[in-house]
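Below: one structure, written as structure tokens.
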Amino acid sequence: MLRTHTCGELTLRNLGQTVTLCGWLQRSRDLGGMTFIDLRDRYGITQLAFNMETNPDLCMFARKLSREFVLQIRGTVTERSSKNTKIPTGEIEIVAENITILNEAKTPPFTIEDNTDGGDDLRMKYRYLDLRRNEVRKNLELRHKVSIEIRNYLNKLGFIEIETPFLIKSTPEGARDFIVPSRMNQGEFYALPQSPQQYKQLLMVSGFDRYFQIVRCFRDEDLRADRQPEFTQIDCEMSFITQEDILQTFEGMTKHLFINVMGLELETFPRISYTDAMKYYGSDKPDIRFEMKFVELNSLLKGKGFGVFDNAELVAGINASGCAEYTRKQLDELTDFVKRPQIGANGLVYIKYTTEDEFKSSVDKFYSQDDLKKVAEAFNAKVGDLILIMAGAEEKTQKALCELRLEMGNRLNLRNNSVFSPLWVIDFPLFEWDEETKRFYAKHHPFTSPKPEDIPLLETEAQKVFANAYDLVINGVEIGGGSIRIYDRQLQNRMFKMLGFSEQEAQNQFGFLLDAFEYGAPPHGGIAFGFDRLCAVLGGVDSIRDFIAFPKNNSGRDVMSGSPSCISKEQLEELGINITIEN
RNA sequence: GGUCCGGUAGUUCAGUUGGUUAGAAUACAUGCCUGUCACGCAUGGGGUCGCGAGUUCGAGUCUCGUCCGGACCGCCA
């Protein structure tokens with residue numbers, strides 16, 4: 001070992017000991033007669049002291065060292081005459097007797113500090129330097145802790161972790177696959193898994209009744225702050241269980257993580273149906289850290305001569321409590337916000353509850369004070385409240401109102417990242433109709449089982465069929481989702497038929513799974529959690545990038561290594577691949 | 001595929017109506033300083049204003065194109 005201690009552990013208890021430390025030079029302060037150096041490793045910072053009177057040669061040497069040099073120093077733990085209460089080692093310093101430069105370093109392109117001066121792009125290019133920073137290191141430490149606690153919890157319950165292949169068969173359903181060419185089978189391709197879905201179901205057929213895997217998954221779709229082309233799932237599956245068992249088990253896991261990683265005890269998770277989530281929050285992943293539920297106003301506001309409302313499929317609003325004081329400018333800002341192309345609302349109507357029995361609204365021409373009062377009552381509004389109303393086609397209005405609700409939540413500081421509000425969203429519809437291709441798609445995936453009572457409606461009223469599917473949402477972020485699967489070959493065939501698969505197509509793509517179902521598949525179901533997202537939510541940030549050691553940028557590039565990149569002609573030839581670039 | 005924002009010193013940014021030699025902070029270098037801990041003080045070096053074209057007597061500033069980065073919509077079973 002090149003060191004006897006780390007830079008984070010020495011205190012007054014170690015006074016007088018001769019120690020050897022290794023680390024990076026964080027900063028040096030040259031006072032002329034003496035010089036101080038902060039030595040940093042992942043455990044902390046320890047101050048080194050050099051004195052011109054007692055050891056002039058070493059002091060002169062120390063003055064010449066620059067940031068991020070890798071040093072080994074031997075010295076004596078000494079009490080400081082002026083202490084730093086901000087760090088754990090702040091009461092001591094090392095009076096150095098010997099320094100070895102283990103490696104020199106160029107001046108880094110940005111400062112290795114909590115508040116670095118580096119921009120995102122630069123930090124990604126020099127990610128190995130960025131990872132030296134406390135903030136990013138802490139995120140990865142949190143991630144590690146979460147993964148350990150997941151394994152502890154699931155292991156205790158008898159789950160076993162089994163690895164499944166990364167080079168698998170491509171299937172057209174769902175996200176776009178990442179494709180890997182096969183050299184030995186030219187013209188043929190593997191796909192990287194979007195999730196180990198089919199393999200984990202096969203493991204159930206094999207009798208591993210409690211499986212999990214913390215596993216990388218790949219989706220070739222456009223990125224976001226919370227979406228990477230490769231990301232990590234906590235993938236789980238159980239046999240001989242009901243939906244209730246899954247919810248209990250994984251609510252338990254989530255609580256276990258919060259207690260053991262965050263020191264927070266969570267209440268029982270509320271549950272809401274998909275239908276109600278859409279009705280009250282306009283989203284299947286509502287942020288319930290704050291109320292501000294939608295109130296439907298069709299019966300109160302339609303038919304009074306205001307065309308926009310009269311012709312709307314849905315008129316609904318939210319109560320921004322205490323915002324009646326909003327100025328014209330603030331209301332215009334909100335209107336602009338909902339009119340942005342990404343939201344695309346036509347406008348925003350407000351009602352200010354200014355004083356007892358007095359309302360001011362942007363639609364005073366069409367509604368009496370009495371009409372407005374009834375609206376206020378529908379919201380349980382009080383004096384000082386601001387009611388914001390939108391109207392139009394149902395889905396679009398819900399979506400726009402959802403964005404407005406979240407925006408108001410932000411403005412009113414109701415979305416505190418150290419508060420955690422989990423909930424289960426249950427009873428999803430089984431299908432989703434796609435106008436473009438004129439066909440049904442599986443809302444979850446094609447192996448999701450319909451509610452037993454809805455099975456007779458499969459072929460006749462597919463849009464009314466609900467699924468045994470569920471999502472875990474925390475603070476408006478979809479953390480996990482799963483379903484009870486179909487384990488009956490006949491029902492699976494009916495499902496594929498609804499999704500527009502011929503028997504032959506289904507057999508081609510999923511034949512191995514369908515065949516397996518004929519050899520005694522147990523009733524089973526599961527769930528998968530977005531591990532990166534879970535960590536980001538626990539860490540209280542929106543972007544998952546800082547919880548991934550080496551993430552990709554917005555365009556799917558790794559700006560540090562320069563991937564993706566072209567490959568050589570020889571490589572292409574070996575694979576039997578010709579590149580044609582369209583313009 | 002689309003919308004919006006950004007690109008100026010190593011870095012983070014400012015740069016007025018198009019007008020003299022493009023600034024600040026920080027980093028870096030040098031010197032001074034014996035209790036600093038974001039040390040302080042002084043001095044200094046550091047610029048293809050992303051790239052290309054255009055308008056103009058004159059472009060960091062205006063126009064078009066392009067590249068790069070970020071946020072979002074579509075997409076993400």
Side-chain angles (χ1 to χ4, degrees), chain A residues 26-40 45-54 56 59 63-64 66-68 78-87 89-91 93 95 106-126 129 171-177 194-195 197-198 217-229 231 336-337 339-344 396 399-400 403 428 430-432 434 436 440-448 467 469 478 481-483 495 499 510 528 530 542-543 545 553-555 557 559:
Chain A
Q26 173 76 21
R27 189 180 290 121
S28 69
R29 292 174 292 279
D30 179 1
L31 275 64
M34 50 192 321
T35 289
F36 299 103
I37 287 180
D38 289 342
L39 192 70
R40 181 199 74 238
I45 281 181
T46 298
Q47 175 166 287
L48 317 177
F50 303 87
N51 197 311
M52 217 47 171
E53 258 171 31
T54 54
C59 194
R63 289 166 83 165
K64 296 210 163 58
S66 331
R67 274 165 62 206
E68 300 305 316
T78 313
E79 184 167 8
R80 293 200 200 181
S81 59
S82 64
K83 292 175 180 169
N84 181 351
T85 51
K86 288 182 208 157
I87 57 173
T89 62
E91 293 190 288
E93 64 195 2
V95 175
K106 290 206 267 186
T107 303
F110 52 88
T111 56
I112 314 293
E113 307 273 354
D114 289 355
N115 290 314
T116 180
D117 61 4
D120 286 344
D121 195 19
L122 201 65
R123 288 173 44 212
M124 287 306 156
K125 186 168 177 191
Y126 297 93
L129 296 181
T171 54
E173 284 286 288
R176 196 176 291 117
D177 282 328
Q194 300 171 30
S195 89
Q197 183 61 36
Q198 286 149 51
C217 300
F218 306 86
R219 290 179 189 175
D220 188 7
E221 296 291 347
D222 286 3
L223 310 183
R224 292 285 188 280
D226 64 346
R227 270 168 25 194
Q228 285 275 306
F231 61 99
D336 288 344
F337 173 81
K339 279 182 163 176
R340 276 163 45 220
Q342 281 85 346
I343 299 181
K396 198 176 164 188
K399 207 183 137 193
E403 296 293 337
F428 279 81
L430 187 64
F431 296 110
E432 208 167 20
D434 182 62
E436 244 171 67
F440 284 108
Y441 280 86
K443 174 118 188 146
H444 190 56
H445 58 60
F447 313 107
T448 299
E478 184 191 329
S483 63
M495 186 72 186
L499 295 172
F510 307 109
D542 292 330
S543 171
R545 283 185 201 161
N553 76 3
N554 225 15
S555 342
R557 288 191 173 280
V559 291

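A note on names: the letters A, B, ... follow the listed sequences, proteins ahead of strands, and every chain is numbered from 1.
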**Request:** Measure the acute angle between the ring planes of F431(A) and F440(A), then classify it against the limits of 30° and 60° as parallel, tilted or perpendicular.
**Result:** tilted
Shortest side-chain distance from [X], nucleotide among [options]:
| X | options | value |
| --- | --- | --- |
| R63(A) | G69(B), C33(B), A71(B) | C33(B) |
| V559(A) | U36(B), C76(B), G69(B) | G69(B) |
| N554(A) | C76(B), A71(B), U36(B) | A71(B) |
| Q47(A) | U36(B), G70(B), C76(B) | U36(B) |
| N553(A) | G69(B), U36(B), C76(B) | G69(B) |
| R227(A) | G70(B), G74(B), U34(B) | G74(B) |

Under the side-chain contact (heavy atoms from CB on, under 4.5 Å) test, which residues partner [X], sequence neighbours left out?
| X | answer |
| --- | --- |
| Q194(A) | A175(A), D177(A), R219(A) |
| Q342(A) | R340(A) |
| T116(A) | F110(A), T111(A), R123(A), R133(A) |
| D38(A) | Q26(A), R27(A), R29(A), I45(A), Q47(A) |

How far, in whole Å, is [M] from [N] if one measures between their [atom1] atoms?
| N | M | atom1 | value |
| --- | --- | --- | --- |
| U12(B) | C28(B) | P | 16 Å |
| C41(B) | C5(B) | C1' | 41 Å |
| U17(B) | C4(B) | C1' | 26 Å |
| U55(B) | U61(B) | P | 15 Å |
| A24(B) | U63(B) | C1' | 31 Å |

Rounding to an integer number of Å, can you tell me how far [X] [atom1] sits from [N] [atom2]?
| X | N | atom1 | atom2 | value |
| --- | --- | --- | --- | --- |
| I343(A) | A71(B) | CD1 | C1' | 13 Å |
| D121(A) | A71(B) | CG | P | 11 Å |
| M34(A) | C37(B) | CE | C1' | 12 Å |
| E68(A) | C28(B) | CD | P | 11 Å |
| F50(A) | C33(B) | CZ | C1' | 18 Å |
| K64(A) | U30(B) | NZ | C1' | 12 Å |
| Y441(A) | C75(B) | OH | C1' | 12 Å |
| I37(A) | U36(B) | CD1 | P | 17 Å |

Is [X] touching bases, backbone alone, or none of the nucleic acid, heavy atoms closer than 4.0 Å?
| X | answer |
| --- | --- |
| R545(A) | sugar-phosphate |
| S195(A) | base |
| N51(A) | base |
| K125(A) | nothing |
| T107(A) | sugar-phosphate |
| E432(A) | nothing |
| E53(A) | base |
| A225(A) | sugar-phosphate |

**Fill in**
Applying side-chain hydrogen bond (donor to acceptor under 3.5 Å, both in side chains) to S28(A) and not counting sequence neighbours gives none
**Item:** Flag, side chain of S555(A) to backbone of R557(A), donor-acceptor distance under 3.5 Å
**Value:** no
**Message:** Check whether E221(A) reaches the backbone of R176(A) with its side chain - one donor and one acceptor, N or O, closer than 3.5 Å.
**Reply:** yes
**Item:** ring-ring contact (aromatic ring centres under 6.0 Å, His included) partners for F231(A), two or more places apart
**Value:**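 Result, ring-ring contact (aromatic ring centres under 6.0 Å, His included) vs F231(A): none returned.
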**Partner set under ring-ring contact (aromatic ring centres under 6.0 Å, His included) for F428(A), not counting sequence neighbours** =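 ring-ring contact (aromatic ring centres under 6.0 Å, His included) list for F428(A), sorted by chain: Y274(A).
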Find the partner of [N]: check Watson-Crick (N1-N3 plus N6-O4 or O6-N4) and G-U wobble (N1-O2, O6-N3) distances, both under 3.5 Å, and reply none if neither fits.
| N | value |
| --- | --- |
| C4(B) | G70(B) |
| C76(B) | none |
| U30(B) | A42(B) |
| G60(B) | none |
| G47(B) | none |

**Request:** At under 4.0 Å between heavy atoms, which parts of nucleotides 39-44 of chain B does protein reach? Answer with one letter per nucleotide, 5' to 3': B base, S sugar-phosphate only, - none.
**Result:** B-----
**Message:** I need a per-nucleotide contact map over nucleotides 1-14 of chain B, read 5' to 3'. Cutoff is protein heavy atoms under 4.0 Å; write B for the base, S for backbone only, - otherwise.
**Reply:** BBB------BSS--
**Request:** By nearest nucleotide on RNA chain B, pick out whichever of R67(A) and D226(A) is the more 5' one.
**Result:**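 Whichever sits nearer the 5' end wins; that is R67(A).
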**Prompt:** Can a salt bridge be assigned to the pair R40(A) and E68(A) using a cut-off of 4.0 Å between side-chain N and carboxylate O?
**Reply:** yes
**Item:** Any K106(A) side-chain N or O less than 4.0 Å from OP1/OP2 of C28(B)
**Value:**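 Checking K106(A) against C28(B): no side-chain N or O falls below 4.0 Å of OP1 or OP2.
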**Message:** The test is side chain to side chain contact (heavy atoms under 4.5 Å, CB included); show your working for L430(A) and T448(A) and say whether it passes.
**Reply:** CA-CA 7 Å; L430(A) 187 64; T448(A) 299; 4.0 Å; yes
**Asked** Any donor-acceptor pair under 3.5 Å between the side chain of R80(A) and the base of C37(B)?
**Response** yes
